[in-house]
> 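This is the structure I want to talk about, given as structure tokens.
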There are 2 protein chains.
Amino acid sequence: MLLRRWARALNERTVRVRVPTVYDVAEKAGVSIATVSRVYRSPEAVRERTRERVVEAARALGYVPSGSARGLASRTTGVLGLCFPDHADPAVEEGYREGEGPDEDDAAATLYSDQVIRGMERAARRHGYALLIAASLEDGPQSLVAQVAGRVDGFAVLARTVPTEDLELIGRRLPIVMLAGPRERDHFDHIEVANEDGLRELTRHLVTGHGLTRLAFVGGEPGSPDAEARFRGYRRACREAGLPVPAEPDARGDMTLAEGSRAADALLDRAAAAGTAPPQAMLFANDQMAVGALHALERRGIRVPEDIAVTGFDGIPLGRAVRPSLTTVRQPMRRLGEEAVELLVRRLAEPDLEPRSLMLPVRTAHRGSCGCA
Amino acid sequence: MLLRRWARALNERTVRVRVPTVYDVAEKAGVSIATVSRVYRSPEAVRERTRERVVEAARALGYVPSGSARGLASRTTGVLGLCFPDHADPAVEEGYREGEGPDEDDAAATLYSDQVIRGMERAARRHGYALLIAASLEDGPQSLVAQVAGRVDGFAVLARTVPTEDLELIGRRLPIVMLAGPRERDHFDHIEVANEDGLRELTRHLVTGHGLTRLAFVGGEPGSPDAEARFRGYRRACREAGLPVPAEPDARGDMTLAEGSRAADALLDRAAAAGTAPPQAMLFANDQMAVGALHALERRGIRVPEDIAVTGFDGIPLGRAVRPSLTTVRQPMRRLGEEAVELLVRRLAEPDLEPRSLMLPVRTAHRGSCGCA
DNA sequence: ATGAAAGCGCTAACAC
DNA sequence: GTGTTAGCGCTTTCAT
């Protein structure tokens, strides 16, 4: 270690602002670097007087342990990660900004991922972990996953964020838990929300609670697993209520406000053209579309809920702010994050456990747009 | 490096799941570790054929570069950090849950820090950084700051999260930007929000816009810099309007819903006891208290805004959801996060720049509770 | 209870 | 364009 010391001394003269290391602290405290390390890792293993000397030396020098060096030496980081999608849909953001300036920095603009982040952060903290978050970007050797995966002890991935192929590779290296969306890989831990149950219950509420029978369901694009699951719940409720069971949604949209408006208009126009009565309720696969529909209906002078009931799915803040407030199914997003951490921590402790798949329950929120408020 | 190889080989037989390293990839691709490294750091410096071989070997092995090792060797992490306070006030969370079940996982429960996080994440991503977040916990040698500081290239700290003494130490090691709150240390970059201007403008609106003259201001606890700045803005507006300028807030509260209710009651009781007319408007130092006041007033059968106007500060989502909706001053929280990243990136590039202090403008939101909706 | 020394997996000069 | 090699700052046996 002579060489090392020499290099350090040289360094001292060369570099502008020396970052203190264990060596500096050890020297100043008159102990070995091992002892300095112990003071931080297992203080009780060091005699009190010694420990004090070290702590004082560290303070005096402004020493902060290097996370990278620790991580490298100990093969753990004390950090959990979350990869979430970059909101591909600009209208999602716009939607929240209703009636406010265009460049508004609006506290109401809470996104799905915000809640998941908060949940994970909370739970991670309880377990002594910090949280590293990153939204998906481009790929390449420098991809998002690589950046995150290399710096954490385990991480969660929101559905459709990362190519499964990449996950497959990385999953061999550290624990991954998949959040929301169907269980694509049965060897990963996985958490989803009860999409089907939620829409089933909501539909049942409209039928038995409000006596509505002419319903219409507006689904997402065919590829969306969440929207499909919700549609299944709708069908199931229809069947159970003895109503006609549609093979396909009455309309589809890309989950945005604009498409919600369009779908509502289309449904109404279609009924008018066919000379049939319009639906008594429109159930949308998500809140954004439902709010869009609210706008469209208002434009047409159709009253909600008097003339028609409208429902969404998710429980976004905007749904509370609109009038009438939106009846919806609320997803436990924060809990999703919390459970993700629990699963990761569990697996870190016992890597050989069977992969688990959780289904989180949802809750319907009966508000104004179905006639409940 | 013989020893190294030998250790590896041994390792291979011992450890259950070998994590591939540059050495493995290099061997498989028939190149040196330096070349493997180059493929990831500067692909253009490697001949195409070689690069392909390496990439393929990496994929086959499931190789992911270790962030720790990289960080150690290169002395940079590609990560920025944020330390924010753990919401010491439980009522803050409760407040959002009005009218919902107690264990509700509510999307409306957006906190101040959520928006800052989102802003930072966005901006960080634009600059190629990931974001490490951690809420304050206890101290000790293993404190929050240490955990974060050791793993990032620079970080932001929300006011009153970390002892300034610690920051002082760490500030010598890497860039720190202080967010919200007064500028305590003039050698750190710093961003605050125009608290004073905001309340001045809001007060002026009540006076000139609505013709109110009997105002009451409810401040925070004496130690809160934000609340004090807001009070200064109130006083200034009073002075400019030729109204009496109070030396102290008419009441104080700890920024919670409950205290807002209490303060409103106290103000009204006091006026009744003194036989004087109640105020025409109550201005609160934050939204939570204002919403609490709304509840108290409703209980007393006092109409808002007909009998009395109520205003808050912050722009929390709850303020939109209550009836009447709350007139307030909205803080650009997301922008706070974005600007923090810009400052950090700037300083990383040029460490010797003068410390900067930004003041972000706020915007008043005239809604129902002042009589505007 | 403390010290000595061997790496952890990568980057960055520097050679070739 | 590619290989060699010396660390980066810490943790961790293994001695003492």
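It should be emphasised that the depicted structure is a prediction, and the values quoted were computed from it without experimental measurement. Labels below follow one simple rule: chain letters A, B, ... track the order of the sequence lines, proteins then strands, and each chain is numbered from 1.
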> May I ask you to test the B/Asp153-B/Leu348 pair for a side-chain heavy-atom distance under 4.5 Å?
yes

> In whole Å, what is the span from the CD atom of A/Glu27 to the P atom of D/dC10?
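Interatomic distance, CD of A/Glu27 to P of D/dC10: 14 Å.
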
> With heavy-atom distances below 4.5 Å as the criterion, would you say the side chains of A/Phe188 and A/Pro355 are in contact?
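They are not in contact (no side-chain heavy atoms under 4.5 Å apart), so the answer is no.
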
> Without decimals, in angstroms, what is the distance between B/Asp153 CG and D/dC8 C1'?
15 Å

> Can you tell which of C/dT11, D/dT11, D/dC8 lies closest to the side chain of B/Leu72?
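That would be D/dC8.
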
> Under 4.0 Å between a side-chain N/O of B/Ser68 and OP1 or OP2 of C/dG9, yes or no?
no

> Roughly, in whole Å, what's the span from CG in B/Leu61 to P in C/dG9?
14 Å

> For C/dT11, does OP1 or OP2 lie under 4.0 Å from any side-chain N or O of B/Arg70?
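Answer yes for this pair, as a side-chain N or O of B/Arg70 is under 4.0 Å from OP1 or OP2.
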
> Give the rounded distance in Å between these two atoms: OH of A/Tyr40 and P of D/dT12.
16 Å

> Taking only Lys NZ, Arg NE, NH1 and NH2, and the carboxylate oxygens of Asp or Glu, determine whether B/Glu342 and B/Arg126 approach each other closer than 4.0 Å.
yes

> Report yes if a side-chain nitrogen or oxygen of B/Arg75 is closer than 4.0 Å to either non-bridging phosphate oxygen (OP1 or OP2) of D/dG7; otherwise report no.
no

> Below 4.0 angstrom, N of the basic side chain to O of the carboxylate: do A/Glu350 and A/Arg346 qualify?
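Salt bridge absent between A/Glu350 and A/Arg346.
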
> Dump every N/O contact between nucleotides 1-4 of chain C and the protein below 3.5 Å, one line per pair.
from: C/dT2; atom 1: OP1; to: A/Thr50; atom 2: OG1; distance (Å): 2.3
from: C/dT2; atom 1: OP2; to: A/Arg47; atom 2: N; distance (Å): 2.8
from: C/dG3; atom 1: OP2; to: A/Ser32; atom 2: N; distance (Å): 2.8
from: C/dG3; atom 1: OP2; to: A/Ser32; atom 2: OG; distance (Å): 3.1
from: C/dG3; atom 1: OP2; to: A/Thr35; atom 2: OG1; distance (Å): 2.6
from: C/dG3; atom 1: N7; to: A/Arg38; atom 2: NH1; distance (Å): 3.4
from: C/dG3; atom 1: N7; to: A/Arg38; atom 2: NH2; distance (Å): 3.3
from: C/dG3; atom 1: O6; to: A/Arg38; atom 2: NH2; distance (Å): 2.5

> Could you pull out all donor-acceptor pairs under 3.5 Å where a side-chain atom in residues 57-66 of chain A meets a protein atom, sequence neighbours excluded?
from: A/Arg59; atom 1: NH2; to: B/Glu165; atom 2: OE2; distance (Å): 2.9
from: A/Ser66; atom 1: OG; to: A/Ser68; atom 2: N; distance (Å): 3.3
from: A/Ser66; atom 1: OG; to: A/Ala69; atom 2: N; distance (Å): 3.0

> For the pair made of CZ in B/Arg151 and P in D/dC10, what is the distance, rounded to whole Å?
12 Å

> Kindly point out which of D/dT12, C/dG9, D/dG9 is positioned nearest to the side chain of A/Thr21?
D/dG9

> Just by distance, with hydrogens left out, do A/Arg118 and B/Ser113 show a side-chain donor and acceptor under 3.5 Å apart?
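Result is yes, a qualifying pair exists.
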
> Less than 4.0 Å between a side-chain N and a carboxylate O, is that true for B/Arg334 and B/Glu339?
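Not counted as a salt bridge, because no side-chain N and carboxylate O are separated by less than 4.0 Å.
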
> Taking only the side-chain nitrogens and oxygens of B/Tyr23, find out if one of them lies under 4.0 Å from OP1 or OP2 of D/dT4.
no

